[in-house]
Amino acid sequence: MKLYQNLCVAAAALLGGALMASASEPTAENLKKASNYYAYPYTDAPAPALTAAPAGYTPFHIEHYGRHGSRWHIGSAMYNRPIEILEIAERNGKLTARGAELLAELRATREAAQGRDGELTPLGARQHRGIARRMTQNFPTVFADTARVDARSTVVIRCILSMDNELQELAKFNPQLRITSDASRADMPYMNFTDTDTVAMQAADKAEPQLKEFKKRHPVPNDFISKLVTDPKFAADSMNVNSLRYYLMRQLQNAQSHDDRKLAAPYDIFTDSALHAQWVVDNADWFVSMGNSALTDGLAAYSQRRLLKNFIESADTAVAYLTTGANLRFGHEVVVLPLVVLMELDSYGEEINDLEQVEARWHNYEIFPMASNVQIVFYRPDNAKDPVLVKVLLNEREVRLPFVADQSRAPYYNWNDVRAYYLRKLERVPM
């Protein structure tokens, strides 16, 4: 992976000077601990190998939902606030040499980000091209001849461009594909049904007291400040150190959304234990919002009930006529994460009622890195009397459906069994 080459060159170097920052390279583990900022792991590395289909079965259809690729930060505060806080120390002559370097890096990064709020980066585009290319390599019969590909995106530009990059790659593989695409608010009720869903939001709110106590038990250390400010008392009295830590960690986490760019990534000021502590809190926060727990009455993931219903309805048409092609959807991590929980892929849908167990049992970065995706691949039988089978991929990795009693053919399952289970599950909450 080419990420992080010379990420921490100071602003003077970025503008033609020679001053170099002393930031260290992040470890592979630290990259993962960036939670939803984690870059897709198979951009420049091989994707997992897949299990061959059972004899007599051929892939013919895919239902898909994917997150946009790596992006710039969303909101000017991500770039402005750490600068504003460090400038308090600068005005009072309290910055260390490293603090001055970092402030210069942050200013240069802010300048590079001008006009790019939340936009897809070149790395994000490459992530989606790679995913599409591997789809054609793994399932060429799905995209053969004049197969139909229908793609939908949320109305956010980074999602639209993610869709566009995948479709360009598919068209390169087979120019005869019948491709249609759209990005309409008419599709948002199932494409991005999260923030307006009172059922899921109220469920997550129920666990807020437990989450608040969890965060008290797991404080993130602020020992980084001594590397930036010469006077600890001044920092404590005059600077919002907690806020500074938050924004600096977000800066370094999202630095991996860029390649061939000299952006602030101050890994040298944070210990591995501090980065881990931040992830523990973030991981628990995401779990409470979207995981499966009695603390939230097991309802948080139902924010994606409309999307799962759309998957089933779209698949019904394809299966009824055994038509070749794919339905592709492009959106956000706040959809991918609860969808994976709702579908009970691998162990991610297991109920966890003690937040102290989340760190060991549930890892958010495995689910929703940048460009994360869920693919349901359908296989038609040579013998018309045999059932249609499905295999589910999470980030191109085969996953199990733990609710299915017959695991003899895993990761392949009888679609009728899977469909029936999901429809019964969806009866719990009104659409």
Side-chain angles (χ1 to χ4, degrees), residues 32-38 40 65-68 74 154 156 159 188-212 214-215 218 250 253 278-311 329-374 392 394-395 399 401-403 422 425-426 428-431:
K32 292 179 181 179
K33 296 299 172 62
S35 294
N36 57 318
Y37 294 100
Y38 180 36
Y40 198 67
Y65 189 98
R67 182 192 183 189
H68 59 76
I74 299 172
T154 67
V156 179
C159 302
M188 294 296 273
Y190 70 87
M191 288 286 292
N192 196 24
F193 190 52
T194 301
D195 294 340
T196 59
D197 182 22
T198 55
V199 171
M201 290 175 66
Q202 290 173 359
D205 287 344
K206 287 189 63 176
E208 274 302 310
Q210 292 91 336
L211 181 61
K212 186 176 181 180
F214 178 86
K215 290 180 178 180
H218 297 271
R250 295 302 184 243
Q253 288 170 341
Q278 183 66 59
W279 172 76
V280 167
V281 171
D282 290 341
N283 190 52
D285 208 332
W286 282 105
F287 176 78
V288 164
S289 297
M290 299 175 182
N292 181 23
S293 177
L295 299 175
T296 56
D297 293 334
L299 290 172
Y302 275 86
S303 64
Q304 298 317 308
R305 60 194 181 276
R306 291 183 176 181
L307 176 58
L308 183 54
K309 182 76 176 299
N310 181 262
F311 269 41
R329 307 161 183 84
F330 297 85
H332 308 269
E333 82 271 42
V334 293
V335 175
V336 172
L337 183 59
L339 175 66
V340 167
V341 174
L342 187 62
M343 292 179 67
E344 301 178 49
L345 303 186
D346 273 355
S347 61
Y348 303 118
E350 289 183 359
E351 183 176 308
I352 304 175
N353 300 323
D354 181 357
L355 294 184
E356 296 296 341
Q357 296 182 13
V358 175
E359 176 185 351
R361 296 175 55 189
W362 197 86
H363 301 155
N364 59 9
Y365 54 78
E366 296 173 345
I367 307 173
F368 67 168
M370 298 287 185
S372 53
N373 55 94
V374 174
V392 183
L394 171 59
N395 301 327
V399 292
L401 306 181
F403 53 79
Y422 285 146
K425 184 170 185 176
L426 290 175
R428 183 182 178 193
V429 179
M431 291 292 162

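The structure displayed is predicted, hence computed values, not measured ones. Residues take their numbers from the sequence shown, with the count starting at 1.
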Can you name the nearest heavy-atom pair linking Pro430 to Arg305, along with the distance?
-> O-NE, 2.7 Å
Distance, nearest 0.5 Å, that separates OG1 of Thr154 from CE of Met188 = 5.0 Å
Using a 4.5 Å cut-off on heavy atoms from C-beta on, say whether the side chain of Val335 contacts that of Met191.
-> no
Does a side-chain heavy-atom distance below 4.5 Å link Asp346 with Leu394?
-> no
side-chain contact (heavy atoms from CB on, under 4.5 Å) assessment of Ser293 paired with Ile352 | CA-CA 5 Å; Ser293 177; Ile352 304 175; 5.6 Å; no
Nearest 0.5 Å, what's the CD-OG distance between Glu366 and Ser347?
-> 7.5 Å
If you measure from OH on Tyr365 to CG on Asn283, what distance do you get to the nearest 0.5 Å?
-> 8.0 Å
Among Lys33, Arg250, Lys32, Lys215, find the one that has a salt bridge (charged side-chain N to carboxylate O under 4.0 Å, His left out) with Asp282.
-> Arg250
Using atom types as modelled and distance alone, determine if a side-chain donor or acceptor of Arg67 lies under 3.5 Å from a backbone N or O of Asn36.
-> yes
How long is the gap from CG on Asp205 to OG1 on Thr198, to the nearest 0.5 Å?
-> 10.5 Å
Do Leu307 and Arg329 have side-chain heavy atoms sitting under 4.5 Å apart?
-> yes
Any chance the side chains of Asn364 and Tyr38 put a donor and an acceptor closer than 3.5 Å?
-> no
Do the ring centers of Tyr422 and Phe403 come within less than 6.0 Å of each other?
-> yes
Would a 4.5 Å heavy-atom cut-off, applied to side chains only, mark Leu342 and Lys425 as touching?
-> yes
Spacing of CG belonging to Leu211 relative to OG1 belonging to Thr296, to within rounding of 0.5 Å = 11.5 Å
Are any non-hydrogen side-chain atoms of Leu308 and Met343 less than 4.5 angstrom apart?
-> yes
Quick check: does any side chain N or O of Tyr65 sit under 3.5 Å from a backbone N or O of His332, one acting as donor and the other as acceptor?
-> yes
Step by step, work out the side-chain contact (heavy atoms from CB on, under 4.5 Å) result for Leu339 and Leu345.
-> CA-CA 9 Å; Leu339 175 66; Leu345 303 186; over 6 Å; no
In terms of heavy-atom contacts, Cys159 and Gly331 come closest through SG-O, 3.3 Å
With Ser372 as reference, evaluate Val336, Leu337, Ile367 under the side-chain contact (heavy atoms from CB on, under 4.5 Å) test and give the passing residue.
-> Val336
With the side chain counted from C-beta on, respond yes when Lys206 and Leu299 share a heavy-atom pair under 4.5 Å apart, and no when they do not.
-> no
Taking the six-membered ring for Trp, are Phe368 and Trp286 parallel (under 30°), tilted (30 to 60°) or perpendicular (over 60°)?
-> perpendicular
Under a 4.5 Å cut-off applied to non-hydrogen side-chain atoms, are Val340 and Val374 in contact?
-> yes
Ala300 versus Ala200, closest heavy-atom pair with distance = O-CB, 3.4 Å
Return the minimal non-hydrogen interatomic distance between Pro189 and Arg306, and the atom names on each side.
-> O-CD, 3.2 Å
Hey, do the aromatic rings of His218 and Trp279 have their centres closer than 6.0 Å?
-> no
Residues that Asp354 engages under salt bridge (Lys or Arg N to Asp or Glu O under 4.0 Å), provided they are two or more places apart | none
Indicate yes or no: at least one non-hydrogen side-chain atom of Phe330 is less than 4.5 angstrom from one of His68.
-> no
What one should report as the nearest heavy-atom pair of Ser289 and Ala204 is CA-CB, 4.0 Å
How far does CG of Asn310 sit from CD of Gln304, to the nearest 0.5 angstrom?
-> 11.0 Å
Locate the shortest heavy-atom distance separating Asn353 from Leu295; write the atom from each residue and the value.
-> O-CD1, 3.7 Å
Taking salt bridge (Lys or Arg N to Asp or Glu O under 4.0 Å) as the test, write out the residues that go with Glu359, two or more places apart.
-> none
